[in-house]
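Here is the structure we will look at, set down as structure tokens.
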Amino acid sequence: MNPLAFLETEVASMVAAGTLRWPRTFDSAQVPRARVDGREVINLCSNNYLGLAYHPRLRAAATAAIDRWGVGSGAARPIAGSLPLHGELERELARFKRVEAVLTYPSGFAVNAGTVAALLTKDDVVVSDELNHASIIDGCRLSGAEKKIYRHRDVGHCRALLAESRGARARLLVTDGVFSMDGDIAPLPALCEAAREHDAIMMVDDAHASGVLGRDGRGTVDHFGLHGAVHIQVGTLSKAFAGVGGFVAGSEALIRYLMNRSRPILFSTSLPPAVVASCLEVIRCLEEDPSLLTRLWSNTRSFKARLRSAGFDTGASETPITPIMIGDEDTAVRFSNELFNAGVFGLAIGFPTVPRGKARIRTIVTSAHTEDDLSEAADIIARVGRYFGLLSKDGDRP
Ligand SMILES: Cc1ncc(COP(=O)(O)O)c(C=O)c1O
């Protein structure tokens with residue numbers, strides 16, 4: 001008997017329902033006009049916000065680090081030790097984020113899961129936005145803390161849940177800085193105020209704000225001028241920073257504690273030299289070249305305006321993540337396939353990543369897209385929108 005037979009049944013039912021997915025393959029680097037599955041498409045799928053994934057400065061830094069330090073770091077840091085590069089990146093990130101200390105992790109996912117799980121116990125309460133990232137949800141589950149979920153961006157509801165949890169040993173209020181599927185920004189000033197009033201730990205996951213929001217891309221805390229009000233800032237090195245990995249930024253005590261208690265630090269291999277070196281180069285690029293961010297935001301405004309004037313509903317987005325709201329899951333998948341055939345790579349996102357009936361095409365523009373890329377992409381999207389009956393000829397929603 002095959003003990004994995006239940007998987008075959010599961011996969012067969014996904015095939016029958018048309019929900020089995022397999023990623024497309026890039027035949028080129030992550031560039032605005034990429035070759036994907038043998039076709040040239042305008043790439044609106046990647047989180048490569050600053051267009052740095054194939055940048056010559058980053059490639060040179062990564063190559064030099066490989067020549068000097070090799071390709072791998074050997075093991076987890078408590079076992080194999082750190083490379084000088086790890087310390088250098090952490091000191092630079094701490095200066096950049098204006099905090100006492102930083103600790104890097106193998107992924108942004110591992111930061112959230114590993115931090116929340118290390119800090120909280122079953123005697124604690126975590127108060128979390130309903131649209132927070134899966135890695136925060138997993139961290140909450142691993143910690144055993146009681147979970148209280150507030151309605152999306154609803155500070156009143158959040159306050160009520162904090163008040164309800166007065167007896168807990170510790171309370172953690174956690175939010176995404178920028179929400180990954182909708183592109184809206186957390187109401188951080190009011191959340192920090194609520195956390196302060198209730199003596200809660202304030203944590204922000206800035207995966208989509210690192211290198212995107214705030215001065216030189218310092219994140220949501222800098223964007224709102226809230227330095228000192230957030231105890232734990234999470235960042236990723238996998239999106240605007242163009243590599244892979246994540247980091248937690250906060251007090252010296254927090255970082256020393258996590259180095260000793262956080263399981264992805266204790267039991268997972270540290271970042272390889274090439275990635276650390278290219279991320280150091282990103283900080284230099286951000287501080288030396290303001291045009292990276294200026295272009296990202298002007299592209300964001302221009303693309304949103306094009307989609308809206310065509311008649312699309314782009315939700316509540318305030319950032320380069322721009323959803324094109326479709327509604328029905330099946331239509332969103334067919335829409336995405338049609339877009340791909342017409343020359344635009346925009347991914348369909350449906351349940352369970354977003355609530356049922358709120359399926360969408362999630363688009364992200366980068367600093368590297370040109371006006372030509374964006375106008376051509378918007379024209380193609382509008383053409384497909386009309387074909388699907390989502391837009392009438394004059395650009396209004398039917
Ligand atoms: C809000 C948010 N947090 C954390 C992560 C995880 O980051 P990483 O890809 O570096 O593991 C993501 C990635 O999609 C994210 O969107």
Side-chain angles (χ1 to χ4, degrees), residues 21 23 30 44-50 52-53 89-90 93 97 102-117 126 128-142 149 152-153 172-188 191 203-214 217 219-221 223 230 232-249 262-265 268-272 274-276 278-279 282 315-323 347 349-350 352-354 360 362-364 366:
R21 307 267 175 265
Q30 282 284 349
L44 297 177
C45 279
S46 94
N47 296 318
N48 175 27
Y49 287 106
L50 301 171
L52 295 176
L89 177 60
E90 288 165 350
L93 282 169
K97 298 287 287 181
V102 157
L103 184 62
T104 52
Y105 278 67
S107 73
F109 195 106
V111 185
N112 279 329
T115 301
V116 176
V126 55
S128 175
D129 188 290
E130 66 179 331
L131 294 190
N132 277 346
H133 191 255
S135 50
I136 296 177
I137 298 170
D138 282 12
C140 297
R141 287 181 184 149
L142 284 167
I149 311 298
H152 183 47
R153 300 177 81 240
L172 173 73
L173 169 51
V174 57
T175 181
D176 282 7
V178 171
F179 290 89
S180 54
M181 296 301 142
D182 294 84
D184 50 347
I185 302 175
L188 206 55
L191 291 174
M203 172 167 170
V204 179
D205 171 9
D206 254 354
H208 289 277
S210 310
V212 172
L213 271 184
T220 38
V221 168
H223 171 74
V230 173
I232 305 173
Q233 294 181 60
V234 171
T236 182
L237 303 171
S238 351
K239 303 185 195 302
F241 276 68
V244 69
F247 63 91
V248 60
S262 183
R263 290 167 76 83
I265 294 293
S268 190
T269 300
S270 59
L271 291 174
V275 166
V276 181
S278 65
C279 289
V282 174
S317 169
E318 303 161 80
T319 65
I321 300 171
T322 303
L347 201 67
I349 309 273
T353 309
V354 293
R360 68 215 45 197
R362 176 178 181 256
T363 67
I364 297 188
T366 71

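What you see below is based on every heavy atom in this structure, not just the backbone, and it leaves out hydrogens, waters and symmetry mates. Counting starts at 1 for both ligands and their atoms, in listed order. Computed from a predicted structure; not experimentally measured.
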Enumerate the pairs of nitrogen or oxygen atoms, one from ligand 1 and one from the protein, separated by less than 3.5 angstrom; state names and distance to 0.1 Å.
residue  : atom   : partner : partner atom : Å
ligand 1 : 3 (N)  : Asp205  : OD2          : 2.5
ligand 1 : 10 (O) : Gly108  : N            : 2.9
ligand 1 : 10 (O) : Thr236  : OG1          : 2.7
ligand 1 : 10 (O) : Ser238  : OG           : 2.4
ligand 1 : 11 (O) : Gly108  : N            : 3.1
ligand 1 : 11 (O) : Phe109  : N            : 2.9
ligand 1 : 14 (O) : Lys239  : NZ           : 2.8
ligand 1 : 16 (O) : His208  : NE2          : 2.7

Interatomic distance, CG@Asp182 vs OG1@Thr319, rounded to 0.5 Å, equals 9.5 Å

Exam field: side chain [X] to backbone [Y], donor-acceptor pair closer than 3.5 Å:
X: Asn48; Y: Ala53; result: yes
X: Asp176; Y: Asp205; result: no
X: Thr366; Y: Leu50; result: no
X: Glu130; Y: Ile149; result: no

Contact check, side chains of Ile136 and Val234, non-hydrogen atoms, under 4.5 Å: no

